[in-house]
Amino acid sequence: MPGLLDALQDESPYVRMTAARALGKLGDAAALSGLLAALEDPEFIVRQNAMWSLGELGAGAKDAVPTLQALAADTSHFPSGELTVGELAGLSAARIELAVEAAKAPAPAEEAAAEEVGEEEAGAKPRLSAEERKARREAALARKKAAEGGGEAEARPKLSAEERQARREAALARKKAREEGEG
């Protein structure tokens, strides 16, 4: 991971962007300071990937929530992006907050053990069968999908090049109309 943190300082914005994205995929909270620094990068694509990656860190990025909440007021759009800077920052902050809350909540098996054994012995983890371990993994994956805001039913269809171009043009027209309305 130190190599990825160093890559956040590379002269190429594409290397910095890829490093920011990879740090989120790794999910290591040790990347927090590097990703927070990447929020100040001059290139939008690096900042965008840093915000996304902070959301991927989940509870490990709880110290980034105030920074992301401050960015949530930013109404500027990333070039070629449908979300504003503020919308992306807000989504990332919400993902982190959900992960923090999920980490605080005891797992259902731990609650059952606490009821059966008594509160003083609840800290001891019961041995789980293979079926129980599988159920926990599936529940954790479902919670992760829910926190990421989607499941299979909500997956976006792939757009053709023409459809993407039409959406870009519509977004640019909306932006131009907003700017003319402000001027």
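Just so you know, these numbers use all the heavy atoms, side chains as well, and skip hydrogens, waters and symmetry mates. A quick note: this is a predicted structure, and the numbers were derived from the prediction, not measured.
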Legend entry - Non-hydrogen side-chain atoms of Leu4 and Leu26 separated by less than 4.5 Å: yes
Inset, instruction - Might you point out which heavy atoms bring Leu35 and Ala50 nearest each other, and give the distance in Å? - result: O-CB, 3.7 Å
Inset, instruction - Provide the closest heavy-atom pair for Met51 versus Leu68 in the form atom of the first, atom of the second, distance. - result: CG-CD2, 3.9 Å
Legend entry - Heavy-atom check, side chain of Leu36 versus side chain of Leu32, under 4.5 Å: yes
Inset, instruction - Can you see which heavy atom on Arg47 is nearest to which on Leu39, and at what distance? - result: CD-O, 3.2 Å
Inset, instruction - List the steps and the verdict of salt bridge (charged side-chain N to carboxylate O under 4.0 Å, His left out) for Arg95 and Glu56. - result: CA-CA 8 Å; Arg95 289 178 66 200; Glu56 285 291 294; 2.3 Å; yes
Inset, instruction - Decide side chain to side chain contact (heavy atoms under 4.5 Å, CB included) for Gln69 and Glu97; before the verdict, give the C-alpha distance in whole Å, the side-chain angles of both, and the deciding distance to 0.1 Å. - result: CA-CA 11 Å; Gln69 288 173 336; Glu97 289 169 339; 3.0 Å; yes
Inset, instruction - Check Ala31 against Leu23 and note the closest heavy-atom contact, atom names and distance. - result: CB-CD2, 3.8 Å
Inset, instruction - Check whether any side-chain heavy atom of Leu172 sits under 4.5 Å from a side-chain heavy atom of Glu169, and report yes or no. - result: no
Legend entry - Non-hydrogen atoms of Ala30 and Leu5 that approach each other most closely: O-CD1, 4.4 Å
Inset, instruction - Check whether the side chains of Ser76 and Asp74 place a donor and an acceptor atom closer than 3.5 Å, and report yes or no. - result: yes
Inset, instruction - Is it possible for you to say whether Trp52 and Leu54 belong to one hydrophobic cluster, with membership spreading through side-chain heavy-atom contacts below 4.5 Å? - result: no
Legend entry - Note, Arg16 side chain near Glu43 side chain (heavy atom, < 4.5 Å): yes
Legend entry - Donor-acceptor pair, side chain of Glu163 and main chain of Ser160, under 3.5 angstrom: yes
